2 protein chains.
Amino acid sequence: MEPVPSPVSAAHVTTLRGFNRYFTRRIGVLDDHYLGQDRPLGEARLLYEIGAGASLRELRTRLGLDAGYLSRMVRALEKQGLVRVTVHPGDSRLRLAEPTPAGRAELAEQNRRADDLAEGLLRGLTETQRRQLTEAVATTERLLRLAAITVRPVPATSADARACLAGYAAELDERFPEGYAATDLVPPERIAVFLVAYEEKRAVGCGVLCALDDETAEIRHLWVHPEARGLGLGRRLLAELEHTAAGRGHRTVRLDTHKVLKEAAAMYRTGGYTQIPAYDDNPHAGYWFEKPLGPAGKAPGTH
Amino acid sequence: MEPVPSPVSAAHVTTLRGFNRYFTRRIGVLDDHYLGQDRPLGEARLLYEIGAGASLRELRTRLGLDAGYLSRMVRALEKQGLVRVTVHPGDSRLRLAEPTPAGRAELAEQNRRADDLAEGLLRGLTETQRRQLTEAVATTERLLRLAAITVRPVPATSADARACLAGYAAELDERFPEGYAATDLVPPERIAVFLVAYEEKRAVGCGVLCALDDETAEIRHLWVHPEARGLGLGRRLLAELEHTAAGRGHRTVRLDTHKVLKEAAAMYRTGGYTQIPAYDDNPHAGYWFEKPLGPAGKAPGTH
DNA sequence: GCCGACCTTTGACTAAAGTCAAAGGTTATG
DNA sequence: CATAACCTTTGACTTTAGTCAAAGGTCGGC
């Protein structure tokens, strides 16, 4: 997980557990209760997840339901005139569920109720307290999400690895004035380690380690899925790559980045990297960086 | 709720709602799943609530269950050898449920699992992030609890009012060197308004308003249940009392406090009160305070 | 010592949630 | 183009969860 895993203190565990209990028993129950109202909770949740439309396959994995059970529930919603089920154009094995106007109306009502619940809670606080709460809640969610993400090495040719690289290439192609092609990626055989970050089975980030020589490793293709940004996942991937490099005996890591990726350059600088002259002729690179690896793979002054 | 209720901004509502959703779906589900494991969730929860022992009556209100349903579930746990049910000594209408050694072992296992869950989450974070998370979580819980508390006027002779005053008197009797007797309380006929704070139907604080004359009201018996301290409920009760006084046409509020209640005195000072000479001969009073009420009942510089 | 208020148990149900396996259509892959 | 892998539907269940009302002790107050 973390370069130097430290023992988790009991006080932190206690606080988090107490919060879990408080929240699931009080607020969670309220939330579900308001969401459901006249409808069995399962159906209400399903309608909510269908949202603007989704395939049954997606719903099944998102909600973790039995295929038969889901099929019947969708059928029930259809009978009530809340959703319409169609065959997926392009893959007739799949079914698509979409809300009808009546379904959309019910969703809007669900939304209104959930808003009311949140608003009712906030109304009991002063404006200052509301700001505090909003901030604390955002921090909590951000860190819990980050904590729930696991990073692990996968084969460079695995589906998740390829999906990440595709997302990476597509994004760079959009952001680089000169564009970016799949052929600009490191060929799989040069990849020593391919790390993928998973949030709930979904690949939401990656990073690649290549050996330049015994002494030096290069980090490439560090990427975080747009929906997982702002959590601090980039830093975590970077740290794990450094840790991995150190574990493989390298003493130094290098990397480069494009001129337009200002955030990336900033992250490397605060992460203990110093700018160095070009060490290769990567046509997309604008800055080259280097960082010495301590024995524990931890930079001085990080975090 | 609050002296000058301000409109709740949509951004706050959105953040809180997003968090509700994230938390109940991700963490809450996990929590329940780990708690239950081989056992129906209802039974697992019940065993948890029984803890070191509880009366069925208590369990029924705490879990909000139907009496018949509860009776059967307890019976089921008894059959599995996890709890023992005995008649309450002193009131044979009540039944007490206590865990057997096997039940205690299962509870310990539940605890271990919940700890593991929390620890597993925290392990993915750096120590700094753990501290941040713990702090954010504590703030969130504190403010959500405070927000969920409702304050409302009740008859001064109601059971809740009397229970609060009993708690108040018992605490002062312990803290005041000279002691405190129930006869030192304001007689009910002098009480103009009796506010009680409720957290989930439970009275967790109170405050009393007496009219000294048309111009001036006196606040007395401001008290917060020990389990509801640290939330900011004292301030909130104070603000509501001031608001009520202003609504009844008073221009000034007064109050006194004992020398040993340093926290109380500090709260009054930061709440806009200034110390004044003794305005009565209350033998327990060490400080006397006064505060002018603006038209909206809001002090300059509060919060 | 009687009455009403309480607490619990039991019987009789209902609805929701979830499981399992067989079967039928569709699509990728070799 | 056959076959394995998928996705969904259907039938046949089981378990949980929850409700309602009747009934039988027990306690507090008059």
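If you're wondering where the values come from, they're calculated on a predicted model, not measured in any experiment. In what follows, every heavy atom counts, from backbone to side chain, and hydrogens, waters and symmetry copies are set aside.
- Judged by atom type and distance alone, Arg93(B) does not reach the base of dG24(D) through any side-chain donor-acceptor pair under 3.5 Å.
- Residue Asp38(B) contributes atom CG, which lies 17 Å from atom P of dG18(C) at whole-angstrom precision.
- With rounding to whole Å, Leu65(A) atom CG is found 9 Å from dT19(C) atom P.
- Distance Leu59(B) CG to dC7(C) P: 13 Å, rounded to the nearest Å.
- Atoms CZ (Arg57(A)) and P (dA5(D)) sit 16 Å apart, rounded to a whole Å.
- Take the nearest nucleotide of DNA chain C for Arg72(B) and for Asp91(A): the residue whose nucleotide is more 5' is Arg72(B).
- With distances taken from any side-chain atom of Pro40(B) to the nucleotides dT9(C), dC7(C), dT16(D), the minimum falls on dT16(D).
- Summarising the geometry, the separation between CZ on Arg95(A) and C1' on dG24(C) is reported as 11 Å, rounded to the nearest angstrom.
- If you check dC27(D), dT9(C), dT19(C) against the side chain of Asp66(A), the one that comes closest is dT19(C).
- Taking side-chain N and O atoms only, Ser92(B) has a distance below 4.0 Å to OP1 or OP2 of dC27(D).
- If you measure from atom CG of Leu46(B) to atom P of dT16(D), you get 14 Å, rounded to the nearest angstrom.
- With rounding to the nearest 0.5 angstrom, the CG atom of Leu222(B) is 9.5 Å from the CG atom of Leu195(B).
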Evaluation steps, side-chain contact (heavy atoms from CB on, under 4.5 Å), between Val85(B) and Val74(B)
CA-CA 8 Å; Val85(B) 180; Val74(B) 169; 3.5 Å; yes
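- Distance, Leu96(A) CG to dC7(D) C1': 12 Å, rounded to whole Å.
- Across all strands shown, Gly42(A) has heavy atoms under 4.0 Å from sugar-phosphate atoms exclusively, and none from any base.
- Side-chain contact between Tyr48(A) and Arg21(B) is present, with heavy atoms from C-beta onward closer than 4.5 Å.
- Tyr69(B) has its OH atom 20 Å from the P atom of dC13(C), to the nearest Å.
- Classified by interplanar angle (parallel below 30°, tilted 30° to 60°, perpendicular above 60°), the ring pair Phe19(B)/Phe23(B) is tilted.
- Between the CZ atom in Arg62(B) and the CZ atom in Arg60(B) there is a gap of 13.0 Å [rounded to 0.5 Å].
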